[in-house]
Amino acid sequence: MKGTQTIQKKTKKTETTERISGSEAVIKCLLAEGVDILYGYPGGAIMPVYDELYKYQDKIHHVLTRHEQGATHSAQGYARISGKVGVCMATSGPGATNLITGIADAQIDSTPMVCITGQVGSHLLGSDAFQETDIVGISTPVTKWNIQVTKASQIPEAFAKAFYIAKSGRPGPVLIDITKDAQFEEFDFKYEKCKGIRSYKPVPNTDKNALKTAAELINNAKKPMVVWGQGVILGKAEEAFKAVIEKAGLPSAWTILGASAIPSKHPLNVGMVGMHGNYAPNVLTNQCDVLIAIGMRFDDRVTGSLNTYAKQAKVIHFDIDPAEIDKNVKTDVAVLGDAKESLKSLLPLLNANSHTNWHQNFKDLYQIEYDKVIKNELHPTKEGLTMAEVLKEINTQTKGEAAIVSDVGQHQMIACRYADFNTTKSNITSGGLGTMGFALPAAIGAKMAAPEREVVAIIGDGGYQMTIQELGTIFQQKVPVKIVVLNNEFLGMVRQWQQLFFDKRYASTEMVNPDFVAIAKGYSIDAQKVTTRENLKDAVKGMIDCKGPYFLEVRVEKEGNVFPMIPTGASVSDIRLE
């Protein structure tokens, strides 16, 4: 949603006002919204807020990241594992523009985040003052909502709306830009949480007739198939989803952001769809008679060629966002609304079923994939270590309970394919934007939000060096995150495409890397490197047993490829196993 909105009138009386500065009002707004961790980087235009934050150190823990992009990704990791709103803050100009990558990532992956930026004084706006940029204009395409505050009295309403918009309906990032004079100005402060905004309906009403039609199609289907996405997790609909697929016996596949909504080894979990997804769900997408999409957006990496995608199937689409209906794939039945409530309402309308013969098709195709791909990845006969066997060892030693935070590239696809997810919110990665450099700062945020969980970052040697400076944040904050760099000395995914589609012309993809272990030790992080299969088990055990942060470099085969693979623009039926 964009533009200025009007807050609905409240009936509840508010407490007595107090006269404070705009900068102190920012802190009090954050406290009122339950914020306890804030990621950021100070600078001139946001300095008054930092000065007030200094007085509230016992209530809000500020994490000084080493780059503003790191602050956004840390806020994303915090939000993704906790379900709360992540918060980050930066100064004007380059500080604000350095947030944009993380904001864009949060927008396309529906991550609730509030970003606060300082701005030059209001009398200087538009004058090209030092460190002035139009961050509201720049961020408009990649935020759910944004606002520039030029008077202190606007701060409470702006923050109340920002948190409401960020976390309601389909979540997303918002940005509040505050001029420096508004931070100094005093006013009579009072705060009311936002309960609604005129013209903004975050959760559409569910059409009962659409639910009945959907149930009829599912009950009459001979070859039904579910594809679920992150909407199941965002909607806290895991149990309702599990009840639906178990009652109706529905084989269910996931997008990468939907992973972990149900356990990896659940008998109805048939694997990942998409470019590097599993063979069976991709092929059988074009053989099912009813395709049930739940909380997913038919991304091009999932569908391949839309001209051939599931043309034989009746399509049922459950989603909270009306904009996703018919955007890419024509829907026969659209069920709008909150995923949890929609699925709970669907459950009593469904007939119990097992679809035994249809499930056998998935098992048969899985066996083909296992024989041609999986067996060789998990139990290789070649000398070089594979990425998959590293994930297998991490699975074994964490019993599938770790939160896996992956970066972008071959290792990301391997992590999604081979990690075991027994607990929801366990697969944290950059999906829609594909942001290299995401994992290291996101893992920091995830571990700080869920200190009781083991958080393991899986990163390639390329993406790692994009945000490697966040080792300084780990060092200063003593965050006990575990970092695994799968080093093949290549930008692996690009190299794979160059091998398959550009006649092995490896243009600008080979990496000459530094001594990663020495760098980690320079930040007082325990570290080691593994180059042989014989040492892998003990190395992973040493990492998991370590009480503090740990860095593990694993040298994997240089020219290993990720299969299966659907070439760009091809049909999901054209998935390649080699």
Side-chain angles (χ1 to χ4, degrees), residues 36-43 50 53-54 57-58 60-78 80-82 86-91 95 98-99 101-102 394 402-407 428 435-487 513-530 539-540 542-554:
D36 55 0
I37 297 179
L38 170 64
Y39 300 91
Y41 205 98
Y50 270 91
L53 184 61
Y54 184 80
Q57 294 179 69
D58 59 330
I60 296 180
H61 177 46
H62 179 268
V63 178
L64 175 64
T65 58
R66 295 307 186 260
H67 191 284
E68 293 88 352
Q69 182 182 344
T72 59
H73 294 327
S74 291
Q76 286 179 276
Y78 176 95
R80 291 275 290 273
I81 203 168
S82 69
V87 184
C88 61
M89 186 161 67
T91 193
N98 281 343
L99 300 178
T101 296
I394 293 171
I404 302 295
V405 185
S406 58
D407 212 78
I428 300 168
T435 304
M436 292 178 68
F438 171 87
L440 185 60
I444 294 170
K447 183 63 178 178
M448 295 184 80
E452 75 286 355
R453 296 198 63 183
E454 190 72 80
V455 175
V456 182
I458 306 294
I459 318 178
D461 49 311
Y464 181 56
Q465 293 178 83
M466 286 193 170
T467 51
I468 194 171
Q469 71 277 354
E470 298 308 326
L471 291 175
T473 307
I474 293 172
F475 174 41
Q476 183 169 350
Q477 299 291 326
K478 298 180 173 55
V479 186
V481 68
K482 307 302 166 60
I483 307 157
V484 179
V485 167
L486 302 178
N487 183 4
N513 291 319
D515 185 337
F516 290 131
V517 169
I519 291 171
K521 288 184 176 180
Y523 287 98
S524 297
I525 296 171
D526 288 342
Q528 69 170 309
K529 177 165 67 175
V530 174
V540 172
M543 176 183 73
I544 299 301
D545 288 347
C546 180
K547 300 302 181 184
Y550 198 94
F551 173 83
L552 178 63
E553 177 188 355
V554 183

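Taken to the nearest 0.5 Å, the CG atom of N98 stands 11.5 Å off from the SG atom of C88. Remark: I404 CD1 to E454 CD distance equals 9.0 Å, nearest 0.5 Å. Taking NE2 of H67 as the reference point, atom OG of S74 lies at 12.5 Å (rounded to 0.5 Å). Between the NZ atom in K447 and the CZ atom in R453 there is a gap of 9.5 Å [rounded to 0.5 Å].
Although no hydrogens or angles enter the test, the distance criterion places a donor-acceptor pair under 3.5 Å between the side chain of Y50 and the main chain of Y41. A donor-acceptor distance shorter than 3.5 angstrom exists from the side chain of K482 to the backbone of C546, with no hydrogens or angles considered. Looking at R80, its side chain never comes within 3.5 Å of a backbone N or O of I428 through a donor-acceptor pair.
Residues G43 and T91 approach most closely at C-OG1, 3.4 Å, considering heavy atoms. The two residues Q477 and L64 come nearest to each other via the heavy atoms NE2-N, 4.1 Å. Nearest heavy atom pair, residue A90 against residue G95, reads CB-O, 3.5 Å. In plain terms, the two heavy atoms of V481 and V455 that are nearest each other are CG2-O, 3.7 Å. In this structure, A539 and Q528 approach most closely via the heavy-atom pair CA-NE2, 3.5 Å. Residues G70 and P441 share a closest heavy-atom pair of O-CB, 3.5 Å.
Taking the side chain as every heavy atom from C-beta outward, D461 and F516 approach each other to under 4.5 Å. Side-chain atoms of Q57 and H62, non-hydrogen and from C-beta on, never get closer than 4.5 Å to each other. Side-chain contact check for E470 versus H73: every heavy-atom pair is 4.5 Å or farther apart. Residues T65 and I444 have side chains not in contact (no heavy-atom distance under 4.5 Å, counting atoms from C-beta outward). In this structure the side chain of T435 reaches within 4.5 angstrom of the side chain of T101, judged on heavy atoms. V87 is not listed as a side-chain neighbour of Y78, based on a closest heavy-atom distance of 4.5 Å or more. In this structure, the side chains of K521 and F551 stay at 4.5 Å or more apart for every pair of heavy atoms. Contact annotation: the side chain of Q469 approaches that of T467 to within less than 4.5 Å [non-hydrogen atoms, C-beta and beyond].
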Exercise for review: Using the side chain to side chain contact (heavy atoms under 4.5 Å, CB included) rule, take Q69 and M466 through it: C-alpha gap first, then chi angles, then the decisive distance, then the call.
Suggested key: CA-CA 10 Å; Q69 182 182 344; M466 286 193 170; over 6 Å; no
Item to complete: Please step through side chain to side chain contact (heavy atoms under 4.5 Å, CB included) for the pair L53 and I60, ending with a clear verdict.
Response: CA-CA 8 Å; L53 184 61; I60 296 180; 4.0 Å; yes
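Checking each of V485, I459, D407, V405 against L440 for a side chain to side chain contact (heavy atoms under 4.5 Å, CB included) leaves exactly one that passes, namely I459.
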